[in-house]
Amino acid sequence: MKDFRYIDGAAILKLDREACIGCGQCVTVCPHRIFSLTEKKAEILDPNGCMECGACSRNCPVRAIYVNPDDGCGCAALLIARWFNTLIGKETASCC
Amino acid sequence: MATSLTWRDHLGTIGARSGLCRNNYKLIPGLYCTGTPDPDSPVLATANYKLSFDALRKELTGIDAWILVLDTRGINVWCAAGKGTFSTAELAYQIQQARLAERVSHREILLPQLGAVGVCALELKKTTGFKGIFGPVQASDLPRFLNSGKIADEAMRTITFSLAERAVLVPVEICLLWKPILIALLSIFLFSGFGPEIFSLAAAWQRGVTAAATTLLAVLAGAVATPLLLPWLFGRQFWLKGLQTGLIAGLITLILFSKQAGLLAGFGLFLWSISISSYLAMNFTGSTPFTSLSGVAREMRRGLPFQAGTAVLALVCWVAGAFF
């Protein structure tokens, strides 16, 4: 998405180009179109466009992509609950 | 199954979008169809949230298709995929339950692109023999996708967040807030009563109404104005975006109430406005399709201390304002 940008350098997304077999599934599924195939391997064109949805990593046949595995929709209320519960040593149920 | 929505569907949409019955707006999982599908007709997978299902079927007028509805506990495709209910295993289970292999001659299943968060197409092929093909992000692009040889262009594969898409989220944002708002309002009336006579009911009511009005204005700034004005507010961090709308709400509050409440108390109301608005804007990150959880955590480490600090300072100014 070009008209909305979020904080640069925040998203955790790693691609192991050595392991990549160039199937192109990540290019297909990314809703922010940040992947491309170059020289028969995937390449991250726009790392700051990543929202950590995890579709690429889920569909990678050789596990060459790592995305922040922390689930949750990412609303502040959930994170506060989680931080608070970590303090008092409780599990947090997911929100919405 | 009908491909046009009736007044009951639209009424249900209003109910779900306003948050009244959002958590229980689902249908029974399983195989449905539009038109009169035969063994060669395409199979489309979706979630059992009724809004997702409606969005899909209303695009299928004149198209004969099978629709496989997964049990996502009434959650939309993208969120359910993130939470693991719109998954490869659930899809495999529904394929088997519906005896899909006996009903269709081909071995293809069209998946919403956003379902890729939970469904691995290659794993699906391995476990069920069905090839998962990711369709467009929006169901409205499906007819074009089906007519163009099941190839999605870049636009069909890209998520958007238009004004209309943001506006439709506002009612739920507000309705999910009624509890914290109620608690905040009760505390506001309580704190407004403190003054030279220790506690005065008259003051609690009179000053409380002023503070309550300020709070509601700040809620409008944070949960309505911020989502709508999102691309035009400065900065990328949401707590800063909410700060801007909160500043405007705070200034309006100052103009309206500072004469009657006094300058110190007025300043308290101003701080309260930016604190509330900044927090609610920050909470809206959970509803956007472009904010990463890592980014949200990062901005919260700056935003939360600011919001907590201004809220406490606001309270001090407000109570102190009753004495001067």
**Request:** Decide yes or no on side-chain contact (heavy atoms from CB on, under 4.5 Å) for His32(A) and Ile159(B), but give the supporting numbers first.
**Result:** CA-CA 6 Å; His32(A) 288 283; Ile159(B) 188 91; 3.4 Å; yes
**Item:** Trp78(B) versus chain A, the contacting section by heavy-atom distance below 4.5 Å
**Value:**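 When you check distances to chain A, only side chain atoms of Trp78(B) fall under 4.5 Å.
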**Asked** Are Tyr6(A) and Gln237(B) close enough, and set up right, to give a side-chain contact (heavy atoms from CB on, under 4.5 Å), and what steps lead you there?
**Response** CA-CA 7 Å; Tyr6(A) 199 43; Gln237(B) 302 183 36; 5.6 Å; no
Exam field: side chain [X] to backbone [Y], donor-acceptor pair closer than 3.5 Å:
X         : Y         : answer
Asn59(A)  : Ala121(B) : yes
Arg58(A)  : Ala116(B) : no
Arg298(B) : Gly9(A)   : yes

Heavy-atom neighbours of [X] [atom1] exceed 12 at 6.0 Å:
X         : atom1 : value
Tyr93(B)  : OH    : no
Trp178(B) : CH2   : no
Arg73(B)  : CZ    : no

If you compare all heavy atoms of [X] against all heavy atoms of [Y], which two are closest, and at what distance to 0.1 Å?
X         : Y         : value
Met300(B) : Leu79(A)  : SD-CD1, 3.5 Å
Phe290(B) : Arg5(A)   : CE1-O, 3.8 Å
Leu293(B) : Glu52(A)  : N-OE1, 3.1 Å
Ala297(B) : Trp83(A)  : O-CH2, 3.9 Å
Gly295(B) : Ile7(A)   : O-CD1, 3.4 Å
Arg33(A)  : Thr158(B) : CG-OG1, 3.3 Å

**Message:** Heavy-atom cut-off 4.5 Å, strictly under: side chain, backbone, both or neither for Cys53(A) against chain B?
**Reply:**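 When you check distances to chain B, atoms from both the backbone and side chain of Cys53(A) fall under 4.5 Å.
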**Item:** Segment of Cys30(A) engaging chain B (4.5 angstrom heavy-atom cut-off)
**Value:**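 The backbone, not the side chain.
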**Asked** Below 4.5 Å, heavy atoms only, C-beta onward: do Asp8(A) and Arg236(B) meet side chain to side chain?
**Response**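 Asp8(A) vs Arg236(B): side chains touch.
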**Prompt:** Out of curiosity, Phe4(A) CZ to Leu230(B) CG, how far, rounded to the nearest 0.5 Å?
**Reply:**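 Answer for the CZ-CG pair, Phe4(A) versus Leu230(B), is 5.0 Å.
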**Message:** Measuring from atom SG of Cys60(A) to atom CG of Leu122(B), what distance do you get when rounded to the nearest 0.5 angstrom?
**Reply:** 9.0 Å
**Asked** Given the options Leu304(B), Leu114(B), Val137(B), which has more heavy-atom pairs under 4.5 Å with chain A than any of the others?
**Response** Leu304(B)
**Request:** Would you mind telling me which of Gly303(B), Ser292(B), Pro180(B) has the largest number of heavy-atom pairs within less than 4.5 Å of chain A?
**Result:** Ser292(B)
**Request:** Apply side-chain contact (heavy atoms from CB on, under 4.5 Å) to the pair Tyr279(B) and Ile80(A), showing each step before the final yes or no.
**Result:** CA-CA 12 Å; Tyr279(B) 174 76; Ile80(A) 292 172; 3.6 Å; yes
